[in-house]
There are 2 protein chains.
Amino acid sequence: MEICITSLLREKGFKVTPQRLAIYNMLASTHSHPNAEMIFNELQAMYPTMSLATVYKTMEILKEIGLVKILNAGEDSFRYDADTSDHPHVRCMECGQVEDVDNIDSVDFVKQVAQGTNYKLVNQQFYFYGICPSCQRKELN
Amino acid sequence: MEICITSLLREKGFKVTPQRLAIYNMLASTHSHPNAEMIFNELQAMYPTMSLATVYKTMEILKEIGLVKILNAGEDSFRYDADTSDHPHVRCMECGQVEDVDNIDSVDFVKQVAQGTNYKLVNQQFYFYGICPSCQRKELN
DNA sequence: CTATGTGCAAAATGTTTGCAGACGA
DNA sequence: TCGTCTGCAAACATTTTGCACATAG
């Protein structure tokens with residue numbers, strides 16, 4: 001995996017820097033879909049000179065080489081996901097956490113949309129909104 | 001339709017103002033999914049004192065009373081849609097326009113997701129990305 | 001050695017807020 | 001008349017940019 005990002009960066013003419021590796025590894029090791037600030041805060045301890053600008057610039061590159069997806073779950077900030085497979089996300093309207101929805105087969109749905117439009121489709125994003133199990137329990141009180 | 005927004009506003013304890021009617025009517029009469037600034041610019045001619053802040057405040061209210069949906073198509077700004085039915089949107093990655101995808105049956109897909117998660121789902125948004133017919137033609141040159 | 005990358009601060013962008021005067025009910 | 005609304009300007013949050021210095025290759 002580290003090999004993957006290293007060679008991918010080199011291949012596309014980008015330099016391999018400790019910051020880029022750290023940012024990607026942090027993202028790849030979580031399912032929390034952090035935004036730039038969360039990533040920045042997390043890396044502060046290990047990389048005290050890390051800057052938010054570097055996080056943003058790195059994400060742009062990682063998106064370009066296909067290693068991350070940028071999520072837009074109706075919030076003020078973008079979130080990032082190292083899982084680039086096509087899967088829906090669900091956000092809790094109470095606590096704001098964003099989770100993956102796995103094992104969903106969207107082929108038929110996508111095909112239906114492809115036929116219903118004259119666009120040359122290349123990508124899609126599905127967002128669901130609701131209340132997570134934990135917040136449902138809290139609401140009972 | 002005008003009756004609808006008027007009575008809905010009153011019902012929920014909001015006042016009916018020319019600005020609110022103008023903003024809603026403008027949005028209801030287009031399929032372009034404008035953002036706040038587009039709406040503001042459009043209304044400038046008729047309402048020279050209209051302010052951006054009023055557009056934002058009004059959208060918040062219209063969302064609350066269920067007359068508009070707020071779209072998040074991976075851009076820097078939010079777009080607004082007076083068609084509150086559950087339908088996917090497709091954005092052209094070339095020219096940036098956002099269109100409705102009509103006559104799509106998402107029931108099975110949504111049901112699948114509902115079963116695959118423990119959330120109490122209340123809403124969803126589907127975004128597709130691609131190249132619109134007009135931009136496809138341009139690319140041939 | 002050279003071109004690219006980093007980190008800081010400043011700028012840009014989109015949205016929200018506070019408040020004085022205006023206005024709907 | 002009274003409470004809400006408008007419109008302006010200022011505040012705010014997120015993201016982008018410019019540039020001097022650092023560093024990967």
Side-chain angles (χ1 to χ4, degrees), chain A residues 2-3 5-24 26 33-41 43-65 67-68 70-80 96 98, chain B residues 2-3 5-24 26 33-65 68 70-80 96 98:
Chain A
E2 188 115 339
I3 290 172
I5 174 175
T6 295
S7 49
L8 253 177
L9 281 170
R10 290 227 177 85
E11 237 170 73
K12 308 272 184 170
F14 297 109
K15 292 190 173 170
V16 177
T17 68
Q19 289 90 337
R20 286 173 183 174
L21 295 179
I23 289 168
Y24 179 71
M26 185 264 157
H33 312 92
N35 60 23
E37 199 173 3
M38 296 174 194
I39 294 168
F40 171 70
N41 288 335
L43 294 175
Q44 275 289 74
M46 195 89 84
Y47 298 80
T49 73
M50 172 72 67
S51 103
L52 249 183
T54 298
V55 175
Y56 283 111
K57 288 170 183 168
T58 297
M59 284 311 174
E60 200 50 43
I61 290 174
L62 293 179
K63 182 194 69 177
E64 235 174 280
I65 66 181
L67 282 182
V68 315
I70 300 185
L71 308 184
N72 223 196
E75 301 164 295
D76 314 323
S77 58
F78 292 99
R79 288 172 176 261
Y80 303 94
V98 173
Chain B
E2 187 116 338
I3 291 173
I5 173 174
T6 295
S7 49
L8 254 176
L9 282 170
R10 289 227 177 87
E11 238 170 69
K12 308 272 185 169
F14 296 110
K15 292 193 171 167
V16 177
T17 68
Q19 289 90 338
R20 287 174 184 173
L21 295 180
I23 290 169
Y24 179 71
M26 185 264 156
H33 310 93
N35 60 24
E37 200 174 2
M38 295 171 194
I39 294 169
F40 170 71
N41 288 335
E42 180 91 12
L43 294 176
Q44 275 290 70
M46 195 90 82
Y47 297 81
T49 72
M50 172 72 66
S51 103
L52 249 184
T54 298
V55 175
Y56 283 112
K57 288 169 183 168
T58 298
M59 284 311 174
E60 199 51 43
I61 290 174
L62 293 179
K63 183 194 70 178
E64 236 175 278
I65 65 180
V68 315
I70 300 185
L71 308 184
N72 242 161
E75 301 165 294
D76 315 324
S77 59
F78 295 99
R79 286 171 177 262
Y80 303 93
V98 173

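These numbers were taken from a predicted model, which means no experiment stands behind them. Chain letters run A, B, ... following the sequence lines, proteins first and then strands; every chain starts at 1.
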Residues passing the salt bridge (charged side-chain N to carboxylate O under 4.0 Å, His left out) test with Lys63(A), sequence neighbours excluded, are Glu60(A)

Could you tell me whether the side chain of Leu9(A) reaches within less than 4.5 Å of the side chain of Thr17(A), counting heavy atoms only? no

Any chance you could lay out the side-chain contact (heavy atoms from CB on, under 4.5 Å) test for Val16(B) and Ile5(B), step after step, and finish with the verdict? CA-CA 9 Å; Val16(B) 177; Ile5(B) 173 174; over 6 Å; no

Map Lys57(B) and Asp76(B) onto DNA chain D by nearest heavy atom, then report which one ends up closer to the 5' terminus. Lys57(B)

In numerical order, the residues of residues 44-56 of chain B whose heavy atoms come under 4.0 Å of DNA chain D are Thr49(B), Met50(B), Ser51(B), Ala53(B), Thr54(B)

Mapping Ile61(A) and Phe78(B) onto DNA chain C by nearest heavy atom, which one lands closer to the 5' end? Ile61(A)

Considering only heavy atoms of chain A and a distance under 4.0 Å, specify the first and last nucleotide of DNA chain C in 5' to 3' order that meet this criterion. dA3(C) to dC8(C)

What is the bend of the helix from dC1(C)-dG25(D) to dA25(C)-dT1(D) when you compare the axis at one end with the axis at the other, using five pairs each and rounding to 10°? 40°

Nearest-0.5 Å distance that lies between atom CE in Met50(B) and atom CE in Met26(B): 10.5 Å

Contact residues, residues 11-20 of chain B to DNA chain D [heavy atom, < 4.0 Å]: Phe14(B), Lys15(B), Thr17(B), Gln19(B), Arg20(B)

For residues 33-48 of chain B, which residue pairs pass the side chain to side chain donor-acceptor pair (under 3.5 Å) check, not counting sequence neighbours? His33(B)-Asp81(B), His33(B)-His89(B), His33(B)-Asp100(B), Asn35(B)-Ser77(B)

Give me the first and last nucleotide of DNA chain D, going 5' to 3', that has any atom under 4.0 Å from a heavy atom of chain A. dT14(D) to dG25(D)

Minimum heavy-atom separation for Ala73(B) and Val98(B), please, with both atom names. CB-CG2, 4.4 Å

Apply salt bridge (charged side-chain N to carboxylate O under 4.0 Å, His left out) to Arg20(B) and list each qualifying residue two or more places apart in sequence or on a separate chain. none

At what distance, to the nearest 0.5 angstrom, does CD1 of Ile39(B) lie from OH of Tyr24(B)? 12.0 Å

Least distance between heavy atoms, Thr54(B) atom then Gln19(B) atom: CG2-CB, 4.0 Å

For Glu64(A), the salt bridge (charged side-chain N to carboxylate O under 4.0 Å, His left out) test, sequence neighbours excluded, returns none

Nearest 0.5 Å please: distance from the CE atom of Met38(A) over to the CG atom of Leu43(A). 13.5 Å

Using the side-chain contact (heavy atoms from CB on, under 4.5 Å) rule, pick out the option among Ile23(A), Leu62(A), Ile70(A), Thr58(A) that qualifies with Tyr80(A). Ile70(A)

Rounded at 0.5 Å granularity, tell me how far CD1 in Ile65(B) sits from CD in Glu11(B). 9.0 Å

